[in-house]
J.: 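To start, I am sharing the structure in question, which I have written as structure tokens.
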Amino acid sequence: MAKSDTKYWERRRGKIFNRKGGWKVGQGVYCHGYEIMTDLVGNISYVQMMMLNITGTLPSRKVADCVEAIYVTMSWPEPRIWCNHIGALSGTAKTGVVGATTAGVLAADSTMYGSRPLLESVTFIKKALEDYQSGKSIQEIVDEQIKLHQGKVQIVGFARPLVRGDERVAAVQKTMAAHNIEIGPHLDLAYKIADHLRNRHGEDININGFSAAFLSDVGLSKEQIYSLAAMCVVSGVTACYLEEYDKPAESFLPLRCEDIDYQGPPPREVPDP
């Protein structure tokens, strides 16, 4: 690196720069221009605070309530769900709650289920809206995706294992309706795609696809949406941890020797020394 290229780093040597806010001793604690203790505490929800920290803009309470509704639908006390399963195993092993919950959150950051497919959903619905507004039909958008997946109807955000449809979408829609939130262009297109898939292929929109479209309409970027979803499974993971922590150790899905499908070398005797 040339000497002139080091000026950026030299200016920061021994200093901390922060545009988000911070604590001014004797004055207050600030977040994007708001004084937290006087302006925000008691006046906004925790989800509003999360979104303020992520985006730099304070959202309306009704938008934050819809995001909170998505959060509630994404975190069930169901130990068969992979991230909650880790919470339950941690509880039966008597680990600490912080380690257990953190491990569950990390498990949810997976490529198949959880927060990472949300990135793909956002990428898809944003590109699909561009194509649709440029004149492509719903049929063409769907057919491109089917071709991309080698003839399989596997559009991210528009399928679900085991069951058709997603009860979580309907639950969040009720919150939207209660707050009179209008359907934006991304969500409107997502509904059109869902209608097409439902009628032609027996698939439907899931909470992933719904959230990607709704949050895109709110104005969030892909990275902001991913950041917002980072902790959405916490409640369910902690619940499953506590369920097993209160029981005898190692009582969650215990195994007997014969439950193990051993396929290695057969038993052999150990010679006497």
Side-chain angles (χ1 to χ4, degrees), residues 20 23 29 31 36 40-41 44-54 64-65 67-121 156 160-163 166-169 171-172 175 206-208 211 215 223-270:
K20 298 282 185 180
W23 178 28
V29 187
C31 178
I36 294 177
L40 302 181
V41 173
I44 67 169
S45 69
Y46 183 70
V47 174
Q48 283 179 287
M49 187 67 182
M50 285 175 54
M51 296 181 72
L52 174 62
N53 272 312
I54 291 169
D65 283 351
V67 174
E68 183 172 325
I70 292 172
Y71 250 70
V72 173
T73 69
M74 295 286 281
S75 195
W76 316 344
E78 167 57 79
R80 289 175 296 181
I81 299 174
W82 78 108
C83 50
N84 292 350
H85 199 81
I86 289 177
L89 287 170
S90 299
T92 204
K94 307 305 178 190
T95 67
V97 65
V98 174
T101 304
T102 302
V105 170
L106 286 171
D109 190 31
S110 66
T111 56
M112 292 185 66
Y113 305 101
S115 50
R116 282 195 181 272
L118 188 55
L119 287 169
E120 298 179 45
S121 289
V156 63
R160 193 181 181 195
L162 302 179
V163 295
D166 196 329
E167 66 277 9
R168 296 170 293 182
V169 172
V172 180
T175 304
N206 61 34
I207 192 64
N208 192 326
S211 300
L215 294 173
E223 292 74 19
Q224 290 170 339
I225 292 171
Y226 181 47
S227 299
L228 187 59
M231 304 296 286
C232 66
V233 301
V234 165
S235 180
V237 173
T238 305
C240 292
Y241 163 84
L242 293 171
E243 170 79 16
E244 299 306 322
Y245 188 84
D246 292 336
K247 297 176 183 176
E250 301 180 9
S251 62
F252 180 72
L253 290 180
L255 296 173
R256 298 186 65 161
C257 291
E258 55 264 34
D259 295 330
I260 300 173
D261 182 17
Y262 177 72
Q263 299 179 2
R268 53 197 181 277
E269 294 183 1
V270 178

J.: Is there a donor-acceptor pair under 3.5 Å between the side chain of S251 and the backbone N or O of P248?
T.: yes

J.: Counting C-beta onward and ignoring hydrogens, is there a side-chain heavy-atom pair between I207 and M74 closer than 4.5 Å?
T.: yes

J.: Considering non-hydrogen atoms only, spot the tightest contact between A239 and P77 and give its length.
T.: CB-CB, 3.8 Å

J.: Taking the side chain as C-beta and beyond, is there a heavy-atom pair between V67 and Q48 under 4.5 Å?
T.: no

J.: Rounded to the nearest 0.5 Å, what separates atom CD in E78 from atom SG in C83?
T.: 10.5 Å

J.: Are any non-hydrogen side-chain atoms of Y241 and T101 less than 4.5 angstrom apart?
T.: no

J.: Do M51 and L228 touch side chain to side chain, with heavy atoms closer than 4.5 Å?
T.: yes

J.: Within a strict 4.5 Å, meaning less than it, do heavy atoms of the Y245 and V97 side chains meet?
T.: no

J.: Just by distance, do the side chain of S75 and the backbone of G236 share a donor-acceptor pair under 3.5 Å?
T.: yes

J.: With sequence neighbours excluded, tell me which residues meet side-chain contact (heavy atoms from CB on, under 4.5 Å) with R256.
T.: E258, D259

J.: With heavy-atom distances below 4.5 Å as the criterion, would you say the side chains of V233 and V105 are in contact?
T.: yes

J.: To the nearest 0.5 Å, what is the distance between CG on N208 and CD1 on I70?
T.: 10.5 Å

J.: Keeping to residues at least two apart or across chains, list the salt bridge (charged side-chain N to carboxylate O under 4.0 Å, His left out) pairs with something in residues 81-99.
T.: none

J.: First locate atom CZ of F252, then atom NE2 of H85, and finally report the distance between them rounded to the nearest 0.5 Å.
T.: 4.5 Å

J.: Can you measure from CD1 (I44) to CE (M49) and round to the nearest 0.5 angstrom?
T.: 5.5 Å

J.: Run C31 and L52 through side-chain contact (heavy atoms from CB on, under 4.5 Å) and show every step you take.
T.: CA-CA 8 Å; C31 178; L52 174 62; 3.7 Å; yes

J.: Can you measure from CG (L89) to CD (E244) and round to the nearest 0.5 angstrom?
T.: 8.5 Å

J.: Side chains of M231 and Y71: closer than 4.5 Å at any heavy-atom pair?
T.: yes

J.: Should the heavy atoms of other residues, nucleotides or ligands under 6.0 Å from CD of E250 be counted, would the total exceed 12?
T.: no

J.: Above 12 or not: heavy atoms from other molecules or residues under 6.0 Å from OH of Y46?
T.: no

J.: Between N84 and V237, is there a donor-acceptor pair closer than 3.5 Å when you use the side chain of the first and the backbone of the second?
T.: yes

J.: Which salt bridge (charged side-chain N to carboxylate O under 4.0 Å, His left out) pairs, counting each pair once, include a residue from residues 98-109, with sequence neighbours left out?
T.: D109-R116

J.: Run the side-chain contact (heavy atoms from CB on, under 4.5 Å) check on I81 and W76 step by step: do they pass?
T.: CA-CA 9 Å; I81 299 174; W76 316 344; 3.8 Å; yes

J.: Quick check: do L118 and Y226 have side-chain heavy atoms less than 4.5 Å from each other?
T.: no

J.: Could you tell me whether a side-chain N or O of S90 sits under 3.5 Å from a main-chain N or O of T95, the two making a donor and an acceptor?
T.: no

J.: Looking at OG of S121 and CG of N206, how far apart are the two atoms once the value is rounded to the nearest 0.5 Å?
T.: 6.5 Å

